[in-house]
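Remarks on the structure that follows.
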Amino acid sequence: MGTEDKKRKAGSKTKALKATAKTHGTAEVKLPKEIWDLMLYVAGQTPKSLTAFANLKKICEKHLEGKYRLEVIDLLKNPQLARGDQILAIPTLVRKLPEPIKKIIGDLSNMERVLVGLDLRPAD
Amino acid sequence: MTKTKGNTHLSGATLIKSPTGITGLDEVTGGGLPKGRPTLIAGSAGSGKTVFAMEFLVNGVTKFNETGVFVSFEEPVEDLTKNFASLGYNLNRFSDNKKMIIDYIHIERSEIEVTGEYDLEGLFVRLGHMVDSIGAKRIVLDTIESLFGALPNEGILRAEIRRLFRWLKLKGLTAIITGEKGDGMITRHGLEEYVSDCVIFLDHLVFEQVATRRLRIIKYRGSSHGTNEYPFLIDKTGISVLPVTSLELIHKATSERISTGIPRLDTMFEGKGYYRGSSILVSGTAGTGKSSVAAKFAESACQRGERCLYLAFEESESQIIRNMRSIGINLEPWVKKGLLKFHASRPTFCGLEMHLVQIHNLVSSFNPSVVIFDPITTMMSIGSDNTVKSMLTRLLDYLKMKKLVTTLFTNLSHNEDLEKTTMAVSSLMDTWILLRDIEIGGERNRGLYVLKARGIGHSNQIREFLLTKEGIDVRDVYLGQDKVLTGSARLAQEAEEKAEGLIRRQETQWKQRELERKRETIESQIKVLRSQYESEEEELRISIHQAKLIEETISRATREMAKSRKADVIKPAKRK
């Protein structure tokens, strides 16, 4: 893919990291054992990635308030990370914890399916 | 020969090709796969797509100094490594050297939920990362179709795959994409629609329970290519594709001659034997000694220090060695010296084409100057006349074109059609020796004659062919009194003639003696007669003398008396 994108998406990463740091802290204080470990794989700051990130934040804040940890991984910056979680599609949300691992691909615009995919539906 | 698609990294009008290093394939494709473009290899399960692709990469590393990436969508890396270890490829070594990256891309459908639009940028990133990290020139995607099962929303997937192929071209990667054969389509998901440059189809043909792998180039844009179905083989040395039958007859011919191994047979060929690089057919009924002629030829090649490949389709190596020892041909030392190599296999073990490929490989690795094929008849059991003939044509073409190999075929024929070789292969042969049974006097003997020998003034005579403990011998048969006799009949006839001759000689001698005796008898008779005559003559003479004396006495007495009587003188004339 175009290398010129790489410079641009540095902002998204820092933004993501901020979000991580914030949620991370609260989660650990409140419920250390019920942590939801989420990773969002993106490749540059594409519209789809931004949409996905926005949708994900909405869901997390609504359903997982205070017990989630979100990491956004930009594959353009760290391409080697795509291998570990077998990432092909972008954006992909990976639920590392609680097990089993779940993957949700797409821009997360279908809220219902995201909730089903994350096993959050019954909790509603 | 013009490029139909814009290809930024290629300059020049002709298509640059990337050699595969796979035996035969580069000949068929005229140099390899299109460089910097994707090639689709389609085929059913187990047709050898993965091996093909992997060999392309491995050869790239080992032969052409081009690094490669292998992306497997089906098999984990460990399995792949293990599988290819059996083909003699140490894939770990390549990955350790950073010459090759093998990656397993796997998606578990059950883990995945799709919630909107997505793209395959993740895949691109992964591939791009691997390619860049080793500077790969070659890439294999085996089989990207798995994505269709793993990811929903085919529309997006197709668009992304199209983008992927564009991306591959942009990167200048020579790529192999494999695809499973589909119903009525080349691939199940129509990958051929995206790969327009080169499509190769692999197939398994089963004829009478014998499978043959085949390869066909369906299209190769911008390049001429062979259009036939080419058999190929996967064995310990990897893939070999059988090159084309040469369309032209342009073999080099030499006038060098090599001995048949049987002195008297040599004399039937002007005393010099076969032409080097020619093809010889030895046909005959069962047990006429075809293999023995072959073994003798093999032995003589080894004695000259040449290599000989013995392809046996009926007997095992040790069986042949044992049997030949019984007629004084000891092949074992040559095997030990490495000059003679046996390759014994059942014809039904694999398909005709497979045999052909095997022979190809053997010939190219062993580099013999003599190849013996014993017998071709058994090949009939796995192919029709035509296929066997075309196989032999190809084999001969190959052997004559490349190596100037002298080939000897044996062919079992039946009495009725002795001179009509079973497969009508005689036209392919330069020299044809016929061995046949000659049945006389309650026994069968072997007769040998040269039916044809292109370019050699050969003997037109039938010889008797003898297999003895001391070896093979070719003898004149008995010719005479409108008969051709062999074996004991010949011996008997010879003995009879000998006896007759003796009698005749004795008769003559007797007659001579008889004559002598007669002469002697007559001479002695003559002697007797003469002596008789002599004695009679003597007697007569005496009596004549006596008579004269008496007469004289009488006349004197008369005269005395007349004188005394004083008679007239009587003229003596009165006394008559």
Side-chain angles (χ1 to χ4, degrees), chain A residues 1-3 5-6 9 40-52 54-56 59 73-96 99-121, chain B residues 69-74 76-77 95 101-134 136 141 144-161 163-164 166-168 170-171:
Chain A
M1 238 295 159
T3 40
D5 289 323
K6 281 186 180 171
K9 50 83 257 212
L40 182 66
Y41 286 87
V42 295
Q45 220 172 11
T46 59
K48 274 195 281 276
S49 301
L50 291 176
T51 315
N55 286 334
L56 181 59
I59 292 163
I73 293 168
D74 189 342
L75 293 179
L76 291 184
K77 221 176 180 191
N78 300 299
Q80 72 282 357
L81 294 179
R83 194 170 182 171
D85 277 323
Q86 289 288 1
I87 304 304
L88 298 183
I90 290 295
T92 298
L93 171 65
V94 178
R95 185 189 79 174
K96 289 272 201 183
E99 286 187 316
I101 289 178
K102 291 274 177 182
K103 285 180 191 165
I104 299 164
I105 63 175
D107 58 12
L108 310 178
S109 54
N110 186 334
M111 200 68 77
E112 285 295 299
R113 298 198 74 153
V114 177
L115 295 177
V116 171
L118 285 174
D119 286 339
L120 281 171
R121 202 79 193 102
Chain B
V69 172
F70 191 99
V71 184
S72 170
F73 291 86
E74 284 179 333
V77 179
S95 17
I101 293 180
I102 303 168
D103 197 12
Y104 173 48
I105 293 183
H106 172 70
I107 298 176
E108 192 60 63
R109 182 71 183 92
S110 61
E111 284 180 358
I112 284 178
E113 193 70 45
V114 176
T115 62
E117 286 202 2
Y118 67 96
D119 57 40
L120 289 183
E121 195 59 33
L123 176 66
F124 285 66
V125 168
R126 270 177 90 166
L127 298 180
H129 175 63
M130 287 189 282
V131 168
D132 293 341
S133 68
I134 57 165
L141 305 177
I144 198 153
E145 284 181 325
S146 309
L147 293 182
F148 285 94
L151 294 172
N153 199 340
E154 212 177 301
I156 292 181
L157 204 51
R158 289 197 174 274
E160 287 298 289
I161 288 177
R163 192 159 70 94
L164 177 67
R166 263 207 313 278
W167 178 82
L168 291 173
L170 216 68
K171 278 265 184 192

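Chain identifiers are assigned alphabetically (A, B, ...) following the order of the sequence lines, protein sequences preceding nucleic acid strands; residue numbering begins at 1 within each chain.
- Side chain of Q86(A) to backbone of H106(B): a donor-acceptor contact under 3.5 angstrom is found.
- For D103(B), the parts lying under 4.5 angstrom from a heavy atom of chain A are both the backbone and the side chain.
- Under the ring pair (Phe, Tyr, Trp, His ring centres under 6.0 Å) criterion, F148(B) pairs with H189(B), not counting sequence neighbours.
- The salt bridge (Lys or Arg N to Asp or Glu O under 4.0 Å) analysis of residues 41-50 of chain A, with sequence neighbours excluded, yields the pairs K48(A)-D119(B).
- Looking at V125(B) and L76(A), their side chains come closer than 4.5 Å, going by heavy atoms from C-beta outward.
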List the steps and the verdict of side-chain contact (heavy atoms from CB on, under 4.5 Å) for L88(A) and I105(B). CA-CA 8 Å; L88(A) 298 183; I105(B) 293 183; 3.1 Å; yes
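- Contact detail for P91(A) and E117(B): the closest heavy-atom pair is CD-O, 4.1 Å.
- The minimum heavy-atom distance linking I90(A) with G122(B) is given by the pair CG1-N, 3.0 Å.
- In this structure, the portion of L147(B) lying under 4.5 Å from any heavy atom of chain A is its side chain and not its backbone.
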Test E113(B) against K102(A) for side-chain contact (heavy atoms from CB on, under 4.5 Å), laying out the working first. CA-CA 8 Å; E113(B) 193 70 45; K102(A) 291 274 177 182; over 6 Å; no
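- Taking every heavy atom of both residues into account, R126(B) and A82(A) meet most closely at CG-CB, 3.1 Å.
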Given M130(B) and Q80(A), is the side-chain contact (heavy atoms from CB on, under 4.5 Å) satisfied, shown in steps? CA-CA 8 Å; M130(B) 287 189 282; Q80(A) 72 282 357; over 6 Å; no
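- Note that CD1 of I87(A) and CD of E121(B) are 13.0 Å apart. Values are rounded to the nearest 0.5 Å.
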Dump the intermediate steps for side-chain contact (heavy atoms from CB on, under 4.5 Å) on T115(B) and I105(A), then the final yes or no. CA-CA 6 Å; T115(B) 62; I105(A) 63 175; over 6 Å; no
